Every structure is written in structure tokens, then in C-alpha cells.
Amino acid sequence: MTIQTRRLLGTALLLGSLLTGASQALAEAVLHRGNAGEPQTLDYAHISIDIEGFVVRDMFEGLTIFNAKGEVVPGTAESWTVSDDDLTYTFKIRDNANWSDGTPVTAEDFVFSMRRLEDPKTAAEYAGILYPIKNAEKVNKGEVPVDQLGIKAVDAKTVEITLERPTPFFLQLLAHYTALPISKANFEKFGDQFVKPGNMVSNGAFKLEAHVPNDTLTVVRNDKYWDAANVKLDKVIFYPIDDDAASVRRFEAKEMDLVYNFSADQIKRLRETYNDQVHVTPSLATYYYVFDNREPPYNDVNVRRALSMAVDRDFLAQEIYAGAQLPAYNLVPPGMPGYGQGPVPDFASMSQIDREDKAVELMKAAGYGEGGKPLEIEIRYNTNANHERVATAVADMWKNTFGAKVSLVNLDVASHYAYLQEGGKFNVARAAWSADYGDPENFLALNTSTNTTFNYGKYKNEEYDALMKQSYDEQDPAKRMEILKKAEEILNNDQPIAPFMNSANLWLVSSRVSGWEDNAVNEHLSKFLSVSE
């Protein structure tokens with residue numbers, strides 16, 4: 001080999017080494033995230049389910065956020081102070097908090113966003129969650145103008161929020177997606193089209209790159225984010241797959257790093273293969289069926305109680321969810337701070353056989369079932385293998401107990417909840433609620449007659465409403481909890497909903513993902529995660 005040949009070969013090897021190193025250096029850190037369904041929208045004012053929150057909170061950041069452990073920590077606000085009477089919160093927005101177009105995040109952006117949320121013209125489905133803010137309910141009902149909302153910009157980087165009453169969980173509310181900011185200037189430019197790729201600017205760790213409905217939603221790292229230096233991912237691709245089996249297959253093929261809500265009957269098999277990559281995390285959440293209280297026979301308390309009593313919760317929790325859920329008889333889940341053990345219905349202590357016998361008596365008293373009018377029941381649920389198995393099991397229980405003719409109807413998750421929120425008529429529908437903040441009011445408020453969005457069955461009880469109103473005015477924490485328990489007793493007696501299980505969150509988390517922490521609020525911002533090859 002000549003000297004010239006050696007030099008050429010050496011040069012080639014050096015170039016190859018440099019190119020390989022450059023290729024590795026340029027490799028993107030991409031998280032492939034299964035998301036269990038297609039969001040209805042990316043507009044913070046019109047989202048209401050967790051799969052929408054996962055996406056939106058990766059792109060927008062509130063004054064506070066949930067960290068990886070599910071604890072409330074500073075977000076866009078670097079600090080805050082609270083007045084002695086606990087009614088006024090003053091937040092200092094970070095000087096380096098910017099929108100993805102490079103413009104600063106200002107106090108006025110937060111004022112604009114919260115006013116937009118409470119403006120009745122916006123018709124925000126979740127506006128009630130910010131009712132602790134002074135005049136929020138009155139603004140939302142059109143009783144006072146939006147500029148009377150208790151929020152103001154003290155200066156460009158200071159926002160002051162005044163409350164109707166002391167609210168111990170207010171900092172948790174501000175971590176909710178209803179309290180996210182949008183750029184006032186950007187909204188004035190694009191209006192409701194601000195959510196589209198190319199239009200959207202965001203202040204979170206990521207910004208929207210592309211959205212192909214029912215296929216993928218891609219966000220990329222926002223270099224203008226105040227904490228961009230600590231964001232380890234370059235890109236997150238969300239896959240809106242509501243087919244549990246397909247999601248698991250893609251996880252097993254290493255095409256997805258995270259899978260949310262896989263089929264519970266797969267827990268044992270998956271644990272045998274993937275060990276600690278299978279996460280079953282207790283949560284402050286309740287799985288329930290709601291009855292349409294507007295129409296017979298579901299406007300009859302005896303019918304509702306009978307149907308609820310005939311459902312074997314232990315079977316659902318142990319056989320269908322393989323122990324990943326716990327049987328439940330009341331709406332407020334255990335572990336709620338300050339609430340202790342909530343009241344349960346009178347039938348909770350009965351054996352399942354005795355419950356079924358009593359259920360038959362109640363149904364006969366209402367004129368239905370054997371010897372009475374036939375029962376034809378349609379169960380609606382959002383597409384999911386677990387929910388299908390629950391619906392099938394409940395249908396069998398009602399057939400065997402009452403001779404009911406039961407049919408099943410399913411829609412994708414966005415369509416299912418949109419139908420319920422828009423007041424569509426139904427017989428029985430599957431629903432669930434996961435705590436937005438650690439207080440029983442978050443669950444009990446679902447059934448107030450004024451909650452037009454989440455009171456799916458249009459339940460109305462004046463005594464219940466009065467107790468809930470009284471709880472808002474009561475400042476003594478212990479007395480307030482007793483009032484809420486009285487309200488839940490009414491709910492237990494009337495059974496406008498039938499709680500079945502306290503939920504666990506089911507996740508598959510690839511071993512290549514670091515930074516994951518199980519937490520009861522089921523919050524997992526991608527900014528805290530990283531991936532390795």
C-alpha cells in the first residue's frame with residue numbers, strides 16, 4: 001500500500017468517524033406518546049378530559065404547574081404572595097417568560113384569558129372551576145360585565161387575583177387547564193383559529209408543529225420557553241389511539257414509549273414480560289354510570305336505586321379490572337384531604353344476593369320488571385376494551401336480575417363526552433371523574449342543577465343545591481366537610497349516578513423513558529421526561 005493510498009484511507013476513516021459523530025449529535029430525542037383518543041379541540045376553553053389536558057399543558061403553562069410527583073410548584077409565575085385574609089393572590093411572572101414567537105408573556109395575557117373563559121359568549125364548558133375568583137360566576141351568567149372579574153394586571157409582569165372566599169386549593173386550580181394563558185395579541189390576530197398549526201403560539205415547554213386528526217399530533221421543543229435549557233426532549237408525538245390492543249402492540253414493537261389506559265385483562269401478562277414498565281397507580285378518581293333523570297323510568301328514584309344495587313362492583317373490579325380498581329359506592333373517592341370516610345348508600349353493607357332481592361322489590365314497586373312494564377335500556381360508553389367489558393357485564397346483571405333488554409352503543413371518547421355535555425338524551429351512560437384538585441367539592445359539584453356541562457343526567461334536588469351553596473359560604477374547614485357529607489348522603493339516596501369503582505391509572509412506560517413519577521393526580525408533563533436509545 002502506497003503512502004498516498006494510506007493517506008486517502010486515513011482521510012476516509014476520519015471523515016466517516018466525523019460523520020457518524022455528527023449523525024449521533026444531530027439525532028433527535030423523540031418521545032412517542034400514546035394518548036387513548038383524539039382531542040375535541042386544543043382550545044383551553046373547550047377541553048374537559050385528560051387526553052386533551054396532556055397535550056395542551058405540554059404547550060401552555062399556567063401560573064402554577066404540577067411537577068413530576070404531582071405537587072403544585074411555580075410555573076410561569078416565579079413567586080406569589082397571599083393577603084392575610086386569604087382573598088388576594090399576587091403573582092410575579094418570570095421576566096424571561098416568553099411566547100414561542102419571542103414576545104413576552106404579560107399579566108394582561110392572563111387577564112385576557114381568564115376573562116375569555118368566563119365570558120358567556122365563549123360558552124366554556126369548564127368555566128365553573130374558576131368560580132372561586134371574585135364575580136366569576138356572575139360574569140359567566142351574564143349578570144356583570146367581564147371587566148368585573150376579580151383579576152387585574154398590576155404591571156406588565158404582576159397579576160393580582162381576588163377571590164370570593166378563601167379557597168385552600170386555589171393554587172391547584174391555577175394548575176388546571178382552564179387557567180392557562182393564551183397570547184392576547186395572537187388571539188386578536190387569529191380569533192378561534194389560534195389553535196391551528198402555523199397560527200398557534202405557546203408559552204409552555206413545547207409548541208405545535210403538526211396535527212393530523214386521528215393520526216398524530218406533533219409538538220417540538222419551544223426554544224423561547226423560560227426553562228428550555230432543562231427540557232431534554234426535542235419532539236413529542238402523540239398518537240390518539242383508542243384501540244387498547246393496537247396500543248399495546250405498538251408498545252411491544254417499540255413504536256410507542258408510553259401507553260395510557262391499556263386493557264386491564266392484560267396486566268398479568270404484561271407484568272410477566274415487562275415488569276416495572278407496567279404502572280398501576282391509585283388515583284383520586286371514580287368510574288360511574290349516570291342515569292338520564294329527565295325521562296322515565298330513570299326519573300324514578302326506585303328504578304335508579306334498583307339498577308345501581310343490581311351491579312356487582314366486586315366482579316367489575318376483580319374480574320374485569322384484575323384488581324386494578326376498587327369497588328365504590330359513593331362518588332367522592334377515598335383519600336380526599338380533610339374528608340375522611342364519606343357516607344355510603346344503605347345497601348353498601350348488604351350482600352350482593354340481598355341487594356339483588358331488594359332491587360327486584362324496588363323495580364316492581366316502580367311498575368317495571370317481572371309482571372310489570374318491560375325494561376329496555378341502552379348503555380352508552382366511550383370506545384375502550386375495558387369499558388366495553390364493563391358495559392357487557394352490567395347488561396348481563398340487569399338482564400338476569402330484571403329480565404331487561406339491554407343494548408350497547410359506543411362512540412370515540414371525544415364524541416361520547418361532547419354528546420353528554422351538549423345535553424343529548426340517553427338512558428344510561430358511562431362516565432368518570434378524576435380530581436382536578438384535592439377537595440370533595442370537585443366531585444360533588446358535578447351534580448348541582450346549575451352545572452349544565454357535567455351534570456349529564458340533569459339531576460335536580462333543591463336541598464342538595466342548598467347544601468352545596470352553604471358549603472361555599474362556610475369558612476370553618478371541619479363544618480364545611482360535614483356539610484359536604486350531608487350533600488353526599490342525598491346523592492347516595494337519590495342515586496342519579498351509580499358509582500362503580502375507584503379508579504387506578506394504567507400506563508405502560510418504556511424502560512427508555514426517564515423522569516417518570518407515578519402520582520395520584522395523573523399529571524405527567526413531557527418537560528420532565530427524557531429518552532435514551
Side-chain angles (χ1 to χ4, degrees), residues 37 39-66 72 110-142 146 149-151 161 163-164 167 169-182 187 192 194-195 284-286 290 331 382 413-424 431-458 468 472 521-523:
Q40 292 185 53
T41 179
L42 299 180
D43 185 342
Y44 76 107
H46 297 292
I47 64 175
S48 60
I49 52 180
D50 50 10
I51 61 167
E52 297 166 336
F54 294 148
V55 178
V56 170
R57 275 186 283 217
D58 265 2
M59 297 187 292
F60 295 89
E61 184 175 89
L63 294 166
T64 63
I65 63 172
F66 289 106
V72 174
F110 280 93
V111 173
F112 172 79
S113 301
M114 290 192 187
R115 284 179 177 176
R116 175 177 179 255
L117 185 91
E118 297 300 338
D119 190 333
K121 294 178 183 177
T122 304
E125 292 83 355
Y126 227 147
I129 203 168
L130 295 184
Y131 278 5
I133 297 177
K134 188 172 183 62
N135 289 330
E137 184 172 7
K138 292 178 181 178
V139 169
N140 191 236
K141 292 180 177 179
V146 293
L149 185 66
I151 180 172
I161 302 177
L163 306 185
E164 287 281 356
T167 305
F169 48 86
F170 185 61
L171 292 175
Q172 294 182 57
L173 296 188
L174 293 181
H176 193 261
Y177 37 74
T178 50
L180 293 175
I182 58 172
F187 185 86
D192 291 336
F194 81 95
V195 296
L284 296 175
T286 303
V290 57
L331 181 59
N382 54 292
V413 63
S415 300
H416 174 74
Y417 280 107
Y419 182 84
L420 296 180
Q421 291 169 10
E422 291 165 6
W433 194 262
S434 183
D436 298 308
Y437 45 93
D439 192 273
E441 181 272 345
N442 187 217
F443 287 80
L444 298 176
L446 300 177
N447 291 281
T448 57
S449 61
T450 55
N451 192 333
T452 57
T453 301
F454 300 112
N455 183 357
Y456 304 132
K458 308 307 175 188
M468 291 304 296
Y472 295 129
V521 292
N522 200 28
E523 292 297 336

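Fair warning: this is a prediction, and the values are worked out from it, not measured in the lab.
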| request: Could you tell me the separation between the CG atom of Asp58 and the CZ atom of Phe60, rounded to the nearest 0.5 Å? | output: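 So the CG of Asp58 and the CZ of Phe60 are separated by 11.5 Å.
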- [ ] Applying ring pair (Phe, Tyr, Trp, His ring centres under 6.0 Å), name anything that partners Phe170, two or more places apart in sequence or on another chain.
- [x]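 Only Tyr89 meet the ring pair (Phe, Tyr, Trp, His ring centres under 6.0 Å) criterion with Phe170.
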All side chain to side chain contact (heavy atoms under 4.5 Å, CB included) counterparts of [X], not counting sequence neighbours:
{"X": "Ser434", "answer": "Ala285"}
{"X": "Thr178", "answer": "Leu117, Tyr126, Ile129, Leu130, His176"}
{"X": "Asp43", "answer": "Thr41, Ala45, His46, Arg116, Phe194, Val195"}

Less than 4.5 Å apart, any side-chain heavy atom of [X] and any of [Y]?
{"X": "Asp192", "Y": "Phe187", "value": "yes"}
{"X": "Thr453", "Y": "Ser48", "value": "no"}
{"X": "Tyr131", "Y": "Tyr472", "value": "no"}
{"X": "Asn442", "Y": "Trp433", "value": "yes"}
{"X": "Val139", "Y": "Met114", "value": "no"}
{"X": "Glu125", "Y": "Gln40", "value": "no"}
{"X": "Leu163", "Y": "Ile161", "value": "yes"}

Closest contact, heavy atoms only, [X] versus [Y]:
{"X": "Leu180", "Y": "Ser113", "value": "O-CB, 3.7 Å"}
{"X": "Leu42", "Y": "Met59", "value": "CD1-CE, 4.2 Å"}
{"X": "Thr64", "Y": "Ala175", "value": "OG1-N, 3.1 Å"}

- Message: Glu441: which residues meet the salt bridge (Lys or Arg N to Asp or Glu O under 4.0 Å) condition with it, sequence neighbours left out?
- Response: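 If we apply the salt bridge (Lys or Arg N to Asp or Glu O under 4.0 Å) test to Glu441, skipping adjacent residues, there are no hits.
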Open item on the list: If the condition is salt bridge (Lys or Arg N to Asp or Glu O under 4.0 Å), which residues does Lys138 pass it with, not counting sequence neighbours?
Closed with: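 With sequence neighbours excluded, Lys138 shows a salt bridge (Lys or Arg N to Asp or Glu O under 4.0 Å) to no residue whatsoever.
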